[in-house]
Q: 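The structure follows.
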Amino acid sequence: MKQLSPRQAARWIKPTGRALLAATAATLLSGTAFAAPITYTGFTVTDGQLGAWKFHNARVFLTFESDTADVQATSILGTNVSFNPTGTARITILTGDRSEHARFAPGQIFVSYDHDNTGTGFGSYAPDHSVQPAYPLGVSLFGTVEASGSPAEAALPTDLAHDTGMNGHGWVCATFPAPIYSNTLCPAPGAPLSTDKGDLYLYQPYQNEPTPAGNGGYVPGAGFFFADTKTPNEGPPFSLLGRTEDGSPEDITYNLFLISDVALGGETFTNAKIHLSFRSRPSKVAPLSGGGPNAYINEDGIARAIITSGDRTIGATFAPHQIYIYFDPSKQSVGFGSYTGGRAYPASLTQNPSFDAQLVGAVSDIVTTPADASKYTPETASLVTNLQNETVLASFAFSCTGFDPATTACSNPESPAPLSTDKGAFRVYEPYRFGGTVWPFSNNWGMFWSTIGPRGD
């Protein structure tokens, strides 16, 4: 499969704030035809600082509460974008032992979707009034944010006025798209964003180092973007924010988040937010048979699924001894497997061999060939895991039986096997696909992370 060049896949403009406003006023194509509350949400894992608190490997959620009447469909300096600068922006930051909520000062944050170059996210204005489209979070470069490929992906709304869920590489980069153009890393932001909890800085710790061939600077992590009209002011799925009080400090909880079509108890939800969790103990981890010296499995735990779709959230607990957690660096794969559907079902994150290393591939590379750590920023090596420690991994998400990790092709994407839960049969599908006439490869991103202690799910 031929890989698109970065210039084809992701690009954004950097006019000054005054130029942006002038271009918007002069070239406005159309406004939305109706008015309704809408909440945009961004999700990634990264490092940063809020006030005096420095956080590492934190789940970061950005929200922007607005109205569809404020969305502008416009051409700015020759680039067609949907643009919404009017709303209330907030951030939630969660680590294993702390959570903070802050509100941005007005006039800093906007939301946009670049229709020409397929990127979306939360942007901001720099002190010199230039536009930073991928800071605090941009979602661009492959993934469903491209809104192309299979029919389900092409049908995703990109006008910022309708419900949607998209994903791709997660950029926390004030100089985007400079890194993927110039073979350089995202620098630390030059100025903080102002919040009611102090100055905020977000960084890009995980990145591919520049190379002599000139193809470095990519970020291997994931970013997610949602627009929701049915749940105004609700923000992210509560399970991602939850802080459980039960359990033991010795517990480990594995989590996997993806956007997909899913069925539970005979009811199907499209483009739903799916959070899988598996609570266990590190002592239950064992070597993975046939996976080499650095492959592991955990078969002993309680597996749950929480589905959020529109204004509905449904939780279910899987019947025992169906689900297991595995990490196999020889296959560059991690996830939730099952004895019914195999390693990629209900969901696995597996390196796509046709693309630069995603986070699963980068960590697998470091595990199998420690000298290759030099290919990535130093923080990437901190994510090496044996399923007994906290980590975060990301890559293309696969949910199918008949999966071949060597090619990332799925032979049976249309008829997933049912898994038993206390709410009925659970099935998850793989609707977002690309490559060839039958779409054999997933173009959907997912994120896997593990936490120690009772705050895990």
Q: Tell me every residue that passes side-chain contact (heavy atoms from CB on, under 4.5 Å) with Thr268, counting only those two or more places apart in sequence or in another chain.
A: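 Per chain and number, Thr268 pairs via side-chain contact (heavy atoms from CB on, under 4.5 Å) with Ala263.
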Q: Among residues at least two apart in sequence or on other chains, which ones pass side-chain contact (heavy atoms from CB on, under 4.5 Å) with Gln332?
A: Gln351, Ser364
Q: Apply ring pair (Phe, Tyr, Trp, His ring centres under 6.0 Å) to Tyr324 and list each qualifying residue two or more places apart in sequence or on a separate chain.
A: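 Listed in chain order: Tyr339.
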Q: Can you name the residues that form a ring pair (Phe, Tyr, Trp, His ring centres under 6.0 Å) with Phe122, not counting sequence neighbours?
A: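 Counting only residues at least two positions away or on another chain, Phe122 forms no ring pair (Phe, Tyr, Trp, His ring centres under 6.0 Å).
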Q: Could I get the full list of ring pair (Phe, Tyr, Trp, His ring centres under 6.0 Å) partners for His115, not counting sequence neighbours?
A: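 Ring pair (Phe, Tyr, Trp, His ring centres under 6.0 Å) list for His115, sorted by chain: Tyr113.
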Q: Applying side-chain contact (heavy atoms from CB on, under 4.5 Å), can you list everything that pairs with Pro220, at least two apart in sequence or on another chain?
A: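 Tyr206, Asn208, Leu359.
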Q: Can you name the residues that form a side-chain contact (heavy atoms from CB on, under 4.5 Å) with Ala155, not counting sequence neighbours?
A: none
Q: Could you pull out all residues at least two apart from Phe224 that satisfy ring pair (Phe, Tyr, Trp, His ring centres under 6.0 Å)?
A: Phe43, Phe257
Q: What salt bridge (Lys or Arg N to Asp or Glu O under 4.0 Å) pairs are there with at least one residue in residues 213-222, not counting sequence neighbours?
A: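 Residue pairs passing salt bridge (Lys or Arg N to Asp or Glu O under 4.0 Å), neighbours aside: none found.
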Q: Salt bridge (charged side-chain N to carboxylate O under 4.0 Å, His left out) with Lys375: which residues, sequence neighbours excluded?
A: Asp365, Asp372
Q: Quick one: which residue pairs count as a side-chain hydrogen bond (donor to acceptor under 3.5 Å, both in side chains) with a foot in residues 379-395, not counting sequence neighbours?
A: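 Qualifying pairs, neighbours excluded: Gln358-Ser395, Thr377-Thr380, Thr385-Asn389.
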Q: Would you mind listing every salt bridge (Lys or Arg N to Asp or Glu O under 4.0 Å) that reaches into residues 313-332, with sequence neighbours excluded?
A: Asp328-Arg343
